[in-house]
Amino acid sequence: MSIPARPHCHSQEWNLSMSSSVSSKMLSATAAEIRTQFIEFFKERGHDFVPSSTTCPMNDPSLRDTFANAGMNQFKPIFQGTLDPTSPLHGVKRATNSQKCIRAGGKHNDLDDVGKDTYHHTFFEMLGNWSFGDYFKEEAIGWSFELLTKVWGIDPDRLYATYFEGDPKQDLPADLETKAIWGKYLAEDHILPGNMKDNFWEMGDTGPCGPCSELHYDRIGGGRNAAAMVNMDDPDVLEIWNNVFIQFDRLEGGELRTLPAQHVDTGMGLERIVSVLQDKRSNYDTDLFGPLFEKIQALTGARAYNGKLGDEDEGGVDEAYRVIADHIRTLVVAITDGTTPSNEGRGYVLRRILRRAVRYGRQKLGAPQGFLTDLAPTVVELLGGAFPELANDPGRVIGLIADEEESFGKTLDRGIKMYETIGTTELANSWWKYGKAQGKKPGIHSGGTAVFPEDAGYSEDHRYTHEDRISLRFGDDVIWSGKFTDFNLSQFPEPIQIQISGEDAFKLYDTYGFPIDLTQIMAEERGLKVDLEGFERAMEAAKERSRQGGKKNDGERVVELRAEQIAKLGVLHVKTTDDSHKFSGHDTRASVKAIWNGKKFEDHASLGSDGMHRIGIVLDKTCFYSEMGGQVADAGELRCAKSGGVFKVEDTKSFGGYVLHIGRISKGKITCTNDVICHLNTKRRIKIASNHTTTHLLNFALREVLGNSVDQRGSLVNDEKLRFDFVHNSPVTPEEIAKIEEIVNHQIDQNLTVYSQLAPLEQAKDIAGLRAVFDETYPDPVRVVSIGIEVDQLIGNPTNDAWKTASIEFCGGTHIETTTIAQSFALTVEEGIAKGIRRITGLTGELAGKAFAAADELSKRVDALGSLELGELKEAFQQVGNDVDAMELPAARKNALRAQLGSVAKKLKEASKAQAAAKAGMAQELAMGIANAAKGSSEDIIITTLDLGSDRNALEAAVATISKAVPEKAVMVFSTDAQNNRVAVMASVSESMIGRGLKAGDWIRETTSIMGGKGGGRPNSAQGSGSDVGKIKEAAEHARTWAYKQVQG
RNA sequence: GGGGGGCUAACUCAAUUGGUAGAGUGCCAGCUUUGCAAGCUGGAAGUUAGGGGUUCAAGUCCCCUGCCCUCCA
């Protein structure tokens, strides 16, 4: 890592005009040092360092399409009171870190502002300290003041603190406590009241919330009072630290309740505090960005970064620097964390960021293709120290960025072609209108021919292409000619107005992602205008269409436990659920502790009152597995012997350690404190467990076949299938697939015992050959699942290389007892889901058996194809082919069948081709005789009948042969297909005969109508058919007389 | 989740109200030519993404599926 010891100064002038409040020692601190100082400060005060969570959380539904955007994201379950007791965060009272945040997409979207000012970012770091039901306002405020003024040496005279002024409408009192605490540190006129918007923090419409206190800093200082500028978007008086005091829980309907445990959540933007401590007026002038700017300059050859904004920033060069530097940080971080640029959700946000950066680079800095890719390593150097994960596989990140840059180039090129087509059309249309308005004779020629000759009719619908060379005329005078790319209004001899329509501009935006300003720039280059209002209208219309499309809601009540309910259960002395029986899955006697109907706790639930709705039941213990780690929840029943009540469990979820059995009463009544028997749907459980254990075997086999670099990236296990995603750079070959399937089946056949047992994390981590998910945090003690070797043996001698021959994983899921219960494994699908990530889907048990049986059956059918005649083969081949494609088969077998079918297809093709060629040859031969006879004849019209069936190609060959031999004549050939009682007929008419009034299309129509058929075509060539073979003679006769009538008439 | 556009030879793309699926590049062969993406002639190469429908006739129109691009939530 190379971070320059001295920060780069791009705006020296500001340093001169500002009186620095920061001690000279701090002025030389680097961003890395500042980050460390913050974390160390809080560690010294009893905080645990909890590393930044991923920016791309998979398990937070509120962030599915966006990114981690605040320091508290990973602590949300703590604030909500839903943290699982086995979580590593359980028991943490004080935490601190620097969290990676991305603000783009979703509600907080700063993307469009980035670059235009000195402080918006899509990626930033949030320094934070947290108290989870531990210290509160007094300590939080005291420490923030201490860090800022004592450690970092900021003059207190420059600081302003805000507190919540209260809101009578919501019955919220002013936060006078906070005001009083600040009174100990700051002058009275530096403590300011703030409203709901600025000083009351809420996570969402519901959930934890509370007053907050912001700290603002005045960059100018010099004894002035800047209180009036606080929260006024003044770049010199900026918020640097927000202390949130989580006091309340907001319920559905708006009611506020005081939380059982109160928390502190603080956030300080690293980029901002660094700008303050390095005495820079802009975040971009700090050493977090300086090295990036230097690299951008080196890669693009643009002038150096000047730090200018708005109109002062000539050509938008500085803006481009800021955009690119910001975006590349976001890209490297987000891609490292597992998001791939794509066309949906979070990945799409990323793609847009990348394209925005590329566009700014190309347009404003003249950057070459690939410059963004080359910038990525600099980000790794800059941030890799704080976030070591960036250095794990930078090659993958760089490869992805390179691919995206390239594919963006393609989309751009396609869009430019479309733009030029639009421009050509607009130019022609405008020319016509202009000419008419001038009272002259406008004309448009294209490719040497007059598309719209002078003063003739005109159609605005005429399609031009992007490379049409057009000439614009008045009468015979050519006013301008060339391609649209040559056009420039300033050099055009006539004062014509040309405008790109709003619809076209929107089409460019909608189909090729051209932002409207790009279209405008491209239009202005040639002197064209863009109809912006029309664009807005088209945009609105499209949004409306999009809205109309999807509106559905299953209306099912969501049954879950929130912080308030979890706290209530605590008050009621309900202990968290003992779910240790979930591993055995045997029927368990338990007692009902609480019944939650989605709105309140009830004493009992019966078929009459709640049978229709889903409700939740909490027991003291359970054998049900709740959804976790990619394994679906168990289903089954709770039966009450005493009351005869039965509760169907549809889903099982865990909230803060309480297992909620979700489902409906199907019989009788369930009452609190009743004893019930938990009874699993055992068949379903066995299927799930089979799939889960087999997933472990698959993971093991993958390493055996593909090597150690095969890291797990996700998995899903339910009662129907198993799915496993892993890192691998190329498709898994058919041979490898077969080998993997074989290894798994071999292990199943050996009937290995599946051992699982809790073990101390430290020792378990050292087990040789252990498979664990990277970046995952495991509880201590951790559950070790080992197939074929007892866990005690492993722990006794963890580093024994012998263990590498077995599947050993950390896993909290449920498994079968021995491997043969899974019966067999069918690897059905191998596919790529993102660059460098493959997915395998497989089946076990009965379903696997079915897949193998289906493959056997298809195999027989494919073999049987070899003995079929050509006629039968065609149909049978298609049938088998469809079945092979449609059926769920082991992938190895499917591959083999496809290959076998491929060679059959080749044979089939060759045979039918030979047949067609023979037929055509025969047709030609027959036709030749007729042609020779015709040559000597004086007849202008030749009508004949050949026996070619309904083979269109043969008929065509015959007609072509004759008309080639007698190019001045009109030819009609009938062909009978006795089998289907159909007649095919085709006609070819020479130019001279057309001139004399005979058109092939009309001729065919006349003729086929006699035979009960239809047909048509163009003047020179037409075809049709009839359904009455017996009438050929009559039809031919009519064709002859009708044709002569046309020619003579 | 929804809207719009697309999928044609190995590659890049054409194909008028539905009426004979083509061009350039590349490939193969021959000729010409001692050079840097050379010239001429000839040739092979297509399940028009897959399936269904309408029609005398579908690359073209309608429906379904898959994949890609793009926009909106």
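Here is how names work: the chains are called A, B, and so on, in the same order as the sequence lines, proteins then strands, and each is numbered from 1. What's counted below: heavy atoms across the whole structure, side chains too, no hydrogens, waters or symmetry copies.
- B/rA15 and B/rA23 have their P atoms separated by 15 Å, with the value rounded to a whole Å.
- Summarising the geometry, the separation between CD on A/E405 and P on B/rC69 is reported as 16 Å, rounded to the nearest angstrom.
- Atom name P, nucleotides B/rU65 and B/rG2: the rounded distance is 10 Å, in whole Å.
- When the P atom is used for both B/rG6 and B/rC61, the distance is 9 Å, rounded to whole Å.
- Atom CD1 of A/I962 is separated from atom CE of A/M972 by 12.0 Å, given to the nearest 0.5 angstrom.
- Between A/A542 and A/F506, the residue anchored nearer the 5' end of RNA chain B, judged by the nucleotide with its closest heavy atom, is A/A542.
- In this structure, A/M972 atom CE and B/rG19 atom P are separated by 19 Å, rounded to whole Å.
- Following rounding to the nearest Å, A/K507 (NZ) and B/rG5 (P) show an atom-to-atom distance of 8 Å.
- Between A/T425 and A/N429 there is a side-chain heavy-atom pair separated by less than 4.5 Å.
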Output one line per pair: protein atom, nucleotide atom from nucleotides 53-60 of chain B, and distance, for all N/O pairs under 3.5 Å.
residue: B/rC56; atom: OP1; partner: A/K1014; partner atom: NZ; Å: 3.3
residue: B/rC56; atom: O2'; partner: A/S1025; partner atom: OG; Å: 2.8
residue: B/rC56; atom: N1; partner: A/K1014; partner atom: O; Å: 3.3

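- Atom CG in A/N1020 sits roughly 12 Å away from atom P in B/rG19 (whole-Å rounding).
- Atom name P, nucleotides B/rG26 and B/rC40: the rounded distance is 12 Å, in whole Å.
- A distance of about 13 Å separates the P atoms of B/rG18 and B/rG59, rounded to the whole Å.
- Note: A/T1007 OG1 to A/R1005 CZ = 10.5 Å, rounded to the nearest 0.5 Å.
- Spacing between atom CG of A/D403 and atom P of B/rC69 amounts to 11 Å, rounded to whole angstrom units.
- Checking B/rC69, B/rG4, B/rC72 against every side-chain atom of A/T411, the shortest atom distance belongs to B/rC69.
- If you check B/rG4, B/rC72, B/rC13 against the side chain of A/K417, the one that comes closest is B/rC13.
- Looking at residues two or more places apart in sequence or on another chain, you find a side-chain contact (heavy atoms from CB on, under 4.5 Å) between A/A958 and A/A923, A/A927, A/L946, A/L948.
- For A/D413 and B/rC68, the CG to C1' distance is 17 Å, given to the nearest whole Å.
- The structure places CG of A/D510 at 10.0 Å from NZ of A/K507, a figure rounded to the nearest 0.5 Å.
- Across the C1' atoms, B/rG46 and B/rC27 are found 16 Å apart, a figure rounded to whole Å.
- For B/rU25 and B/rG39, the P atoms lie 8 Å apart once the distance is rounded to whole Å.
- Between A/R351 and B/rC69 there is a side-chain polar atom (N or O) within less than 4.0 angstrom of OP1 or OP2.
- Looking at A/D517 and A/R359, a side-chain N of the basic residue comes within less than 4.0 Å of a carboxylate O on the acidic one, giving a salt bridge.
- Residue A/K410 contributes atom NZ, which lies 14 Å from atom P of B/rC68 at whole-angstrom precision.
- The side chain of A/Y509 contributes an N or O atom lying less than 4.0 Å from OP1 or OP2 of B/rC72.
- Taking a cutoff of 4.0 Å between a charged side-chain nitrogen and a carboxylate oxygen, A/R839 and A/E830 do not qualify as a salt bridge.
- In this structure, A/F535 has its ring center under 6.0 Å from that of A/Y509.
- In terms of heavy atoms, A/I516 sits closest to A/A505 at CD1-CB, 3.9 Å.
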Dot-bracket for RNA chain B, 5' to 3', with Watson-Crick and G-U pairs under 3.5 Å, [ ] for crossing pairs and | for other-strand pairs: what is it? (((((((..((((.....[..)))).(((((.......))))).....(((((..]....)))))))))))).
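- RNA chain B is contacted by both A/A1022 and A/F408; A/A1022 maps to the nucleotide lying nearer its 5′ end (nearest heavy atom per residue).
- Of the inter-residue distances, the one linking A/L372 atom CG with A/R362 atom CZ reads 9.5 Å to the nearest 0.5 angstrom.
- For the pair A/F514 CZ and B/rC69 C1', the computed distance is 13 Å after rounding to whole Å.
- A distance of about 13 Å separates the C1' atoms of B/rA9 and B/rA14, rounded to the whole Å.
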